[in-house]
Amino acid sequence: MAVLEQPRQVGLLRRPTSLTGFWSWVTTVDHKRIGILYFWTAFFFLLVGGIEALVMRLQLAHPDLELVTGDRFNELVTMHGTTMIFLAVMPLSSAFFNYMLPLLIGARDVAFPRLNALSYWLYLFGGILLNVSWLFGGAPNAGWFGYAPLTSSVYNLGRGIDFWIQGLQLLGVSSLISAINFIVTIFNMRAPGMSLMRMPVFVWNQLATSFLLLFSLPAVTVALIMLMFDRYFGANFFNAAKGGDAILWQHLFWVFGHPEVYIIILPAMGIVSEVLPTFSRKPLFGYSAVVFSTALIAFLAFGVWSHHMFTVGQGPVVNTVFALTTMTIAIPTGVKIFNWLATLWGGSIRFTTALLYSLGFLSMFTIGGLSGVMHSAAASNLQQHDTYFVVAHFHYVLIGGALFGLFAGIYYWFPKMFGRMLDERLGKWGFWVMLIGFNVTFFPFHFLGLLGMPRRIYTYPAELGLARWNLVSTIGAFILSVGILIFLVNVWKSLRYGEKAGPDPWDGRTLEWSIPSPPPVYNFRRIPYVHTRDPHWARKYPHLAQAEEPPPAATAADSEAEHGIHLPSPSYMPILLALAITVGAFGGVFRNVPLVALGVVGTIVSVYLWSVEGEGGIVVEPEGDA
Amino acid sequence: MNEREAARAHGAVRGHAEAHGAHEGAHVVPTSTYLKVGLVLAVITAVEFGIVYVPALKPVLIPLLLILSAAKFVLVAGFFMHLKFDRWVLAGFFAAGLILALGTYLGLGAIFAHRGG
Amino acid sequence: MAEHHGTGGHALQGPARGPGAAQALAVGHPQGAGHHAHSEVGVTGIDNRKLGMWLFLASECMFFGAFIVAYIAYQGKSLSGPTPEELLNIPLTSLSTFVLLMSSLAMVLAVQAAQQDRQADARKWLLATALLGLGFLSFQAYEYTHFIHAGLTLSVNLFGTTFYTLTGLHGLHVTIGVGWLLALFLRSLKVGLGRAQALSLELAGLYWHFVDVVWIVIFTLVYLMSVLG
Amino acid sequence: MVSGFRLRRRRGTGWGPGSLILAALALAGCGRAEQFPQTVFDPAGPVARIQLDLLMRTLYLVIGIFILVAGVLLYVVFRYRERPGAGDPEQIHGNTQLEMAWTIAPIVALAFIAVPTVRANFAVAEPPPESDPLVVRAVGHQWWFEFQYPDLGVITANELHIPVGRPVKLLLDSEDVIHSFWVPRLAGKTDMIPGYQNTMWIQADEPGTYYGQCAELCGASHAKMRFRVIAVSEEEFQAWVERMQTYTVDVSSSALAARGMELFREKGCFACHAIAGTEFQNRVGPDLTGVGSRTTIAAGTLANTRENLSRWLADPPAIKPGSKMPNLGLKPDEIEALVEFLHSLK
C-alpha cells in the first residue's frame, strides 16, 4: 500500500507517519488497531481478575482458613469485581465495538479516530492506576460498589479508596468518549443504503450499550465526585454526623450500576445474534422484535435501580414498585431468548466453537436471568440479598452470559482480526472444560446462599455446614482456569501456526466477511452499497436473500480507487492527553497539588495542541483489485 | 453555500444534505429574533425577581417559578441552541437525556422524601 | 428517520438502478473518508462534531441533575446554620443571571456573524460573550467570599456541602467555557473567524448555552425558591 | 425433607414437589437447621415462612421455564444439526403470531409471581396490627451487635433474647458503617444504617437458638460479626429480664474473680465496657452484663469457653482483624483472673 499524500505539518510536534513498528501502535488512530489493543489489554486484566478470584476461592476452600487477612480479602473482593467489570468484560466488548463497528456498517473508521485512541489510553492508564494501588499501601477494599460510609476517611484511612475514585473517573471518561464516538459513528457513518433497520443486530446492541453508558455514567461520576469531596475536603454528603445520608450513594451508584449490568450483557447478546444466524444458515428470527426488545431493555434499565436496595428500608410501597418494574424486564429478555431459539429452529446447524459458546450463553444466561426473576420478588429477596445466591446469579449473567458471549465473538471474529483460524478441536475442548468448570464453581453458590452464606466474608466457621459446597466450588474454579489456559494455548498456537483464514471462513452474512482477513487499513476498497440485511449473504446467495429493493447497477464512478483513499493521520495527542489526565489523577490520589497542577496544565496544553493539529489525513492507494 | 460545495468536492456530503440543504445556515434566523428572545429572557428574569417578594403569590410560587424557568429554558434551547430549526434528531438526543434525568431524579427525590428522616 | 436518510442518500448518489443482486456489493461508492478538518456531514445531515456535542450535553443533563437532586434532597436537613435564607442574595444573583443570559445572546450573535462571514462582528460578540462570562464568575467569586466570611464552608453543614458543590461545578463549567471562548478568540486573530470557523464557534456556543440553561434551573431551584424557607 | 415442602403441604396449596427441585435440594443437603443453622429452608417464624413460600413459588416458576427453554434448545440442537446434502434451510425471517405469543406468555407467567410478591412485601414489613410486639433497638457496631430493650431498661450484646410466639419489632441503626441484620430462620435481612432508623419484625414460633450474621460488608472483620437469637418461653424471658434489671456483681466468694474485677479497672477495660450493678457504665464496646452465661464471645465467633476467652484476651486482633479491642499485653495470670471474673458474671 502506498501512501500518496501526507498531512501538512502543523504545531510543535512533527506528526507521526509510520504505519508499522512500536510508535505506529502508540500513535495509531486506526479503529482496528485500537480494537486489538483493547482486546489484549482486556484479556490481560481478565487474567489478573481471575487470579484474584482463585486466591479468594483458596481462602474459602475450607472453614476457618487464614491464608489472607480480612482486609486483604476485602481488597481482593473489591479489585476482582472492579477489574472484571471495568477492566475486563466491558473493554473486551469495546474491543469488538472498535474493531467490528466500521466493518459491519461499511465505514472506513469511527467518527472520531483520535478520540477513539484517547479512550483506549485512558482505559489503559485507569487500569494501571487502579492496580498500582497494591504497591502503595493497599488496594480499595469497600466492595465494587463502595458503599458509603465504609469508604469515608473516618472508616477507610488508606489510599485505596482514593485510587478507586480516580481510577474509576478515568475509566468513566474513557467510556463516555467511546459512547459518544460510537453513537455518532452509527448515526452518521453507515454505508449508503444501510438504514437503521438494516444494521446488523450487533450494531443495534452497541448503540443501546452506548446510550446506556451516555446516560448512566454521569450518575456514578457525580457519586464519585461527592465521595471525593467528602474524603478530601470534609464535605458531608454521606456523613451521618452532619445529617448526610449514606443511602444517597447507593441511589446514585445504582442509577449507574443497573444500566451497567446491561452495558455488560447487551454486547454479548449482539454477538450471539450474529453467530446463531451464521451457523444455522438462517437469518435472525424476528429481527424487528429483537431490535425493539434491545431498545426496551435499555430503556427499562433506568427504572429498576432500587431493586439493589430492597433491604435498605425503603418501605413496602417503593419495594413493590421496583419489584414490578424489574419483572417487566423479563419480557423483552424472554422475547430475545425465544427468537434465538427460533433462529436455530429449522436451520442447518454447524457446531463450531463459536456456536457452542453461543449455546452456552443461551442456556447459562437463561439460568442467570431466571434467578434474576427470583430476585425481583422483593419479600423473598430479603433472604437472598447479599448472599452467595446473588453471587451465583451475577456470575451466571457475567460469565455464563457476557463472557461466554464474548468468547463466541472471539472464536467468530478472531480469524477476521488476526487472519488466522483458531484450532476448533482445542476450542471445543476449551469450551467444555470451561462450561463444566463454570457450573461446578458457581452452581453450588445457589445452595450456599440459601444455606446462609453472606457475600464478602473472608472466612466461615465449620458449624454453618458450608464446607462441602465451598470445596466443590474451589475445585470448579481451577477447572475453569484450565479452560482459560486451553484458550490461551489455542491463541498462541493460532498466531504461530494457525491456518490462514480467507476473507469468509464461516460463510458469513455481514459486510466484514466481504473483505480480506485481516482487513487493509482502509477496510473497504470501495464502500459497498447495502440494499438488504445480511448484504454479504445476499450477494453470495441471491436466491436465498430477501431483496428489499432492486439493487443499483454498477457504475464506473469510483474516484477513491483512482485518487486514493483518505485516512486519518496517526497522532501523538491521544496518548499525551491521556497521560496528562492520568498525572492529574495520580496527583489527586496523593493529594499532591503540584502534580495535580501539572496534570491540569498538561491537559490544557494537550487539548490546545490537539485542536490545532486537526485531524490531518493521509491518502493511500488501495492494493490489488477489489 | 460555499462550505457545502467544498465538502462536496471532497465527496463528503451525502445526498441527504443536498436534498434538505446543508445544515449550516439552512434556516436563516434574523438578528431581530435573537434580540427579541434576549429581551424576553431579561423580562422573565425581572418578573421572577419581582414575584418572589409578593407575599400573596406564595401559595402558587413554586408552579409559577417552575413555569417561568421552563420558559427560559425552552427559549434558550430552542432559539439560541437552534433546536427549533435543526434536525429533530438533535432535539431527540437532548430530550432523551432531559427526560431520563427528570424521570430518574424525580423518582430518586420522591423515594428520598418518602424515606422521611 | 435516519433510515429515510440512508436511502435518500443513495437516491442522490446517482447510480442508475438495475437488476442483478449479485452486483450489490460491487457498486463503488465515493464515500469520503470523512476525516476532513471542516465538514463531516454524515448520514443524518449533521456534522459529526455537532452530533457528538449534543450527545455530550444530553449526558450532562444526568450529571447536573444528580447534584440538583442532592441539593433538594438535603434541603432543610442541615443540623446547623448558616441557612440558605440567611445567606442567599436574590437581587445580586438576579443580576448575575441577567449577565449570563446576555452572554448567551452575545454568543448567538457571534455565531450568526461568523456564519455570515462578518468576521469583525463575530470577533466582537465572541469577546463580549467571554467578558460577560467573566462577569458572572466575578459575581460568584464575590458571593463565595462573602459566604465564607459568614461561616458557610463546604464542611460546616449540608447546605454548604451541596451548595458549593452544585454551584462550584457549574462555575467550573463556566470557567472552561470562558477559556474555550478566549482560545477561539486568540486563534481567530491568526486564522480569522468566518464561515470556515463557524462550526467550531457553534460548538462552543452550544456548550455555552447549555451552561446557561443549567444556571436557569439552579437560579430558580436554589435561589428563588429559598424564599419559601 | 425440606421444610419448604412440609410447609406447602401443611397449607394444602397442593404444589407437588417437582422431581428436579427435589434433586437440587437433596444435593443441597435438604437444608435442615441441625446441619445448616443459617438455612432459609427451615423457617422458624412467620416472616421467614412467608419469604420461603414466595421463594419456592418463584423457584417453581423459573425451573419450569428453564425446563422449557432447555428442552427446546436440546431438541433444536439434535434435530437441526447440519446434514450433508440436506440443502439450504428455509430462510424464515419471523412469525408475528409466534412472537406475539412469546411476548404475552412471560406476562402471564409474571402475573403468577407478581401478585404474591406484592402481598408478601406488605406482610413482612410490619407485625400484624393487633399484635403487641416487644420493641428492641438493635445497633450495629464494627463488629458486634448491641441490643437495647427500651421499655425494659435492659442492654445486652450479641445475644438477642426474645419470648416465643410474640412478634418482636426491631429498630435498627448503626453506630458507624452500614451493617445488615439477618437471622435466616426468622427473617430476611434489613440494613442498619447510620443516622437513620430502619424497622423490621421477627417472631420465633419454637424455643431455640437461631444464628444470625451481618450481611453487609462492613470492614476487616465483616465475616466475624455474628450473633444469636435466643428464643425462650414467655416465663423464662421474664425471668431473664428480671435478672438483667436487678443485676448485681458479687466477687466476694472468689479472690481470683475479685482480682479480675480489679484488673478490669486497672487495665482500662471499663473505659469501653459496661457491667450492670457496678460503676462500669461506658458503652463503647459490648455491654458485659451476664457475659458469663453467654454462649459465645467475640460476636458469635468463639464458643464461650475459658480457653477461648483466654485466647481472646491475650490478643483480640489476632482473632478478629481490626478489632477495636487492643492487645493489652496481659500476663497469663492476669488473663486467668479476668477470665474468672468475667465467667462469674452469670
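Just so it is clear: chains get the letters A, B, ... in the order the sequence lines come, proteins before strands, and each one is counted from 1. Please read these numbers as outputs of a predicted model, since none were measured by experiment.
- Contact annotation for L359(A): both backbone and side-chain heavy atoms come within less than 4.5 Å of a heavy atom of chain D.
- Contacts of F181(D) with chain A are absent, with no heavy-atom separation under 4.5 Å from either backbone or side chain.
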Using the rule given for side chain to side chain contact (heavy atoms under 4.5 Å, CB included), can you reason through Q383(A) versus W182(D), listing the C-alpha separation, both sets of side-chain angles and the distance that settles it, and then say yes or no? CA-CA 8 Å; Q383(A) 287 282 22; W182(D) 186 33; 2.8 Å; yes
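- Neither the backbone nor the side chain of R119(D) comes within contact range of chain A, judged by heavy atoms closer than 4.5 Å.
- For the atom pair CD1 (I349(A)) and CZ (R79(D)), the distance works out to 10.0 Å, reported to the nearest 0.5 Å.
- Contact annotation for T459(A): both backbone and side-chain heavy atoms come within less than 4.5 Å of a heavy atom of chain D.
- Distance alone, capped at 3.5 Å, places no donor-acceptor pair between the Q51(D) side chain and the S380(A) backbone.
- Between K320(D) and E66(A) there is no salt bridge, since no side-chain N of the basic residue sits under 4.0 Å from a carboxylate O of the acidic one.
- When heavy atoms are compared at a cutoff of 4.5 Å, A246(A) approaches chain D solely by way of its side chain, counted from C-beta outward.
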Applying side chain to side chain contact (heavy atoms under 4.5 Å, CB included), run through Y211(D) and L464(A) and close with a yes or a no. CA-CA 9 Å; Y211(D) 281 49; L464(A) 293 186; 3.9 Å; yes
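- Counted by atom type alone, Y541(A) and Q91(D) present zero donor-acceptor pairs between their side chains at under 3.5 Å.
- When the candidates G465(A), G70(A), S348(A) are compared by the number of heavy-atom contacts under 4.5 Å with chain D, S348(A) comes out ahead.
- Heavy-atom distances place the side chain of N198(D), and not its backbone, under 4.5 Å from chain A.
- The OG1 atom of T366(A) lies 10.0 Å from the CD1 atom of I65(D); values are rounded to the nearest 0.5 Å.
- Residue with the most contacts toward chain A among S180(D), C218(D), C214(D), A123(D): C218(D) (heavy-atom pairs, distance under 4.5 Å).
- With a 4.5 Å cut-off on non-hydrogen atoms, L98(D) touches chain A through its side chain but not through its backbone.
- For A241(A), no part sits under 4.5 Å from any heavy atom of chain D, backbone or side chain.
- I113(D) touches chain A through backbone and side chain together, each having a heavy atom under 4.5 Å away.
- Salt-bridge annotation for R281(A) and D88(D): present, with a side-chain N of the basic residue lying under 4.0 Å from a carboxylate O of the acidic one.
- Contact of A70(D) with chain A is not made at all, since no heavy-atom distance falls under 4.5 Å.
- With rounding to the nearest 0.5 angstrom, the CZ atom of F122(D) is 4.5 Å from the OG1 atom of T320(A).
- In terms of non-hydrogen atom pairs under 4.5 Å with chain A, the most contact-rich of R226(D), M200(D), R185(D), R83(D) is R226(D).
- Your options are S221(D), P106(D), A220(D), and the one with the most heavy-atom pairs under 4.5 Å with chain A is A220(D).
- Proximity to chain D is absent for every atom of H446(A), based on heavy atoms less than 4.5 angstrom apart.
- With chain A as the partner, the residue from D176(D), L73(D), T96(D) showing the most heavy-atom pairs under 4.5 Å is D176(D).
- Separating the CZ atom in R533(A) from the NE2 atom in H93(D) is a distance of 8.0 Å, to the nearest 0.5 Å.
- For Q142(D), the part lying near chain A is the side chain, with the backbone staying farther off; criterion is any non-hydrogen pair under 4.5 Å.
- Salt bridge absent: E99(D) and K336(A) never bring a charged side-chain N and a carboxylate O closer than 4.0 Å.
- Taking CG from L341(A) and CH2 from W102(D), the interatomic distance works out to 8.0 Å, rounded to the nearest 0.5 Å.
- Both the backbone and the side chain of V317(A) come within less than 4.5 Å of a heavy atom of chain D.
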Hey, mind stepping through E463(A) and R228(D) against salt bridge (Lys or Arg N to Asp or Glu O under 4.0 Å) and telling me if it holds? CA-CA 13 Å; E463(A) 60 177 338; R228(D) 304 278 190 275; 3.5 Å; yes
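- Using a 4.5 Å cut-off between heavy atoms, L344(A) touches chain D through backbone and side chain atoms alike.
- With a 4.5 Å cut-off on non-hydrogen atoms, W537(A) touches chain D through its side chain but not through its backbone.
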D386(A) vs L217(D), side chain to side chain contact (heavy atoms under 4.5 Å, CB included): CA-CA, chis, key distance, verdict: CA-CA 9 Å; D386(A) 269 344; L217(D) 178 64; over 6 Å; no
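- Neither the backbone nor the side chain of V47(D) comes within contact range of chain A; no heavy atom of the residue lies under 4.5 Å from a heavy atom of that chain.
- For L150(A), the parts lying near chain D are the backbone and the side chain together; criterion is any non-hydrogen pair under 4.5 Å.
- Contact tally against chain A (heavy-atom pairs below 4.5 Å) for P37(D), G195(D), G322(D): the top residue is P37(D).
- Contacts between V124(D) and chain A at a heavy-atom distance below 4.5 Å involve the side chain alone, from C-beta outward.
- Note that the CG atom of L55(D) and the CG atom of N381(A) stand 10.0 Å from one another [nearest 0.5 Å].
- Considering only heavy-atom pairs separated by less than 4.5 Å from chain A, the leading option among A48(D), S174(D), G188(D) is G188(D).
- The contact between S280(A) and chain D is made entirely by backbone atoms, counting heavy-atom distances below 4.5 Å.
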